[in-house]
Protein chains: 2
Amino acid sequence: MMRFPTAWLQGISLGESIACELRLRIINGTIKPGEVLSENRIATDFGTSRSPVREAMKTLSNEGLIRLERMGAVVLGLSLQDIQELYDVRYLIESFAQQRMASGNHEHVIANLKQMIDKMELTVKYKDSVEFSYLDSCFHEAIIIAAKHKRILHLWNSIRHIVLTVMLITTDEIFLEGETKLNAVIEKHRRIVNGLESKNVKLIQQVVQEYFADSNITLRNSIS
Amino acid sequence: MMRFPTAWLQGISLGESIACELRLRIINGTIKPGEVLSENRIATDFGTSRSPVREAMKTLSNEGLIRLERMGAVVLGLSLQDIQELYDVRYLIESFAQQRMASGNHEHVIANLKQMIDKMELTVKYKDSVEFSYLDSCFHEAIIIAAKHKRILHLWNSIRHIVLTVMLITTDEIFLEGETKLNAVIEKHRRIVNGLESKNVKLIQQVVQEYFADSNITLRNSIS
DNA sequence: ACAAGTATACTTGTATACAAGTTACATTTC
DNA sequence: GAAATGTAACTTGTATACAAGTATACTTGT
């Protein structure tokens, strides 16, 4: 049974940490779609009052993982198709961001991205899949932040917890498959950096497209 | 001083209605950026307890209208540039949705859209700007729903309240400018329907692009 | 006059209490 | 046996209470 990394829970409120824990359980299937969650039940399960649970429920509802109803919140879960849809949105957001990065100087950002990729290689060496997924998330977030578009960044923030959690789960599986696959993932990130460095709009477009198309394939294989 | 339509507050919780009221005040500038909101103060202002206010604050924070901090929530507001960014996102979402609608049969949806446009013309006759903005929002929502993409629909839901409120304010101003402008807005919607009916991907793409480009211009003129 | 420290008032996060409404089940009635 | 009714348990929405932390302002010492 997988647990949410306690390091990621530092400095956040009870409500947020309950949201993280429930989110993980919903995405990895411990809590199944159709199940009905009661604030009281969860509160007693976590040994807290309803207040933070209520906050967590609202968060998960905003993320589309559950649907709040008059009596109880029904779990919607995250099916394979849902994850593919998530990739669709990630593609929309990131291709927009990368196109925006094409104009303007972003040497420092690119330097940052390269450093992150180097760190990724280290996590492979030390078999730290948790850190890898964190870096992966940071990599894409850095690109979106660099686009300097508040609303787009906001869109990312509205899915980043889900994306991070999905990465946490899938990265763990990829680590089990050995280094070949991991190196391929890292190489994909390098290609993105190369694209950004070229400042060639067409090339960037193509690289992003390939990135998410390939991620989709990886996803399918990982499930089947 | 503009008030949030009471008809739109029916059947929703106190927390949501407080969110609607605050949202309007923030967007129309009654509450100015930089201002610090305290849960207690708002609770006494609205004559309620902190619980629903807290819920409203979380909602507004999720919408990017305020930023929750240790002491008080600072108002971020919605500048002209923010609204333009909002149009960027709307364009991304709706062009995606319309492209998706290009394939497949959507006669009933298109019939619905046409009906809405007819209703819009009625609201012009009876000078009901509130209903017009509501129909405008429903029109675009119908298209997004027709795309049958949960995540994209979710993205729309995360901005729909803001969009509706912005429409409420700007539509009110357009009504003051007379029927010529209004008929132009309605005509733009007709062009969208024509695009969808053609099922021609290129044409649809062009129509959506023109729609949001023109909306941006309208916005600029409306402010200056 | 100025710096340091303390007190005070206000903030959020969490817990608990209560009210109104919904669901499910048992009981009653036909 | 079946339908209707009433009741009991459980649900959320809102109000209130308390604790821990923070900023402000005042006081005190130099």
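Proteins get letters first, then strands, A, B, ... in listed order; numbering begins at 1 in each.
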Next on the checklist: Pick the closest DNA chain D nucleotide for B/T48 and for A/G72 by heavy atoms, then say which residue is nearer the 5' end.
Outcome noted: A/G72

Checklist entry - Over how many whole Å does the gap from B/E16 atom CD to D/dT12 atom C1' extend? => result 12 Å

Checklist entry - If you measure only the distance, is there a donor-acceptor pair under 3.5 Å linking the side chains of B/N62 and A/H154? => result no

Checklist entry - What does C/dA9 pair with, Watson-Crick or G-U, if both distances are under 3.5 Å? => result D/dT22

Item to check | Value in whole Å for how far the P atom of C/dT16 lies from CG of A/N40 | outcome: 12 Å

Checklist outcome for this item: Comparing nearest nucleotides in DNA chain C, the 5'-proximal residue of the pair A/M71, A/S13 is A/S13

Checklist entry - Out of B/I192, B/V163, B/I145, which residue meets the side chain to side chain contact (heavy atoms under 4.5 Å, CB included) rule with B/H140? => result B/I192

Next on the checklist: What is the separation between atom CZ on A/R54 and atom C1' on C/dT16, rounded to the nearest whole Å?
Outcome noted: 14 Å

Checklist outcome for this item: Side-chain atoms of B/E39 come closest, of C/dG13, C/dT16, D/dT12, to C/dG13

Checklist entry - Of the options B/D172, B/L168, B/I186, B/I174, which is the one that meets B/F132 in a side chain to side chain contact (heavy atoms under 4.5 Å, CB included)? => result B/I186

Next on the checklist: With a 4.0 Å cut-off on N to O distance, would you call A/R151 and B/D82 a salt bridge?
Outcome noted: no

Checklist entry - Rounding to a whole Å, what distance do you find between A/M57:CE and D/dT12:P? => result 6 Å

Checklist entry - When the distance from CD1 of A/I42 to P of D/dC10 is rounded to whole Å, what number comes out? => result 16 Å

Checklist entry - Between B/S49 and D/dA15, is there a side-chain N or O to OP1/OP2 distance below 4.0 Å? => result yes

Checklist entry - Is there a donor-acceptor pair under 3.5 Å between the side chain of B/T165 and the backbone N or O of B/H161? => result yes

Checklist entry - How close or far is atom P of C/dC10 from atom CG of B/L37, stated in whole angstroms? => result 17 Å

Next on the checklist: Students often get this wrong, so: under 4.0 angstrom with heavy atoms, is B/S38 touching a base, only sugar-phosphate, or nothing?
Outcome noted: sugar-phosphate

Next on the checklist: From CZ of B/R70 over to P of D/dT24, roughly how many Å is that when rounded to an integer?
Outcome noted: 14 Å

Checklist entry - How many Å lie between CD1 on B/I18 and C1' on D/dA15, as a whole number? => result 12 Å

Checklist entry - Below 3.5 Å, does any donor atom in the side chain of B/R50 face an acceptor in the base of C/dG13, or the other way round? => result yes

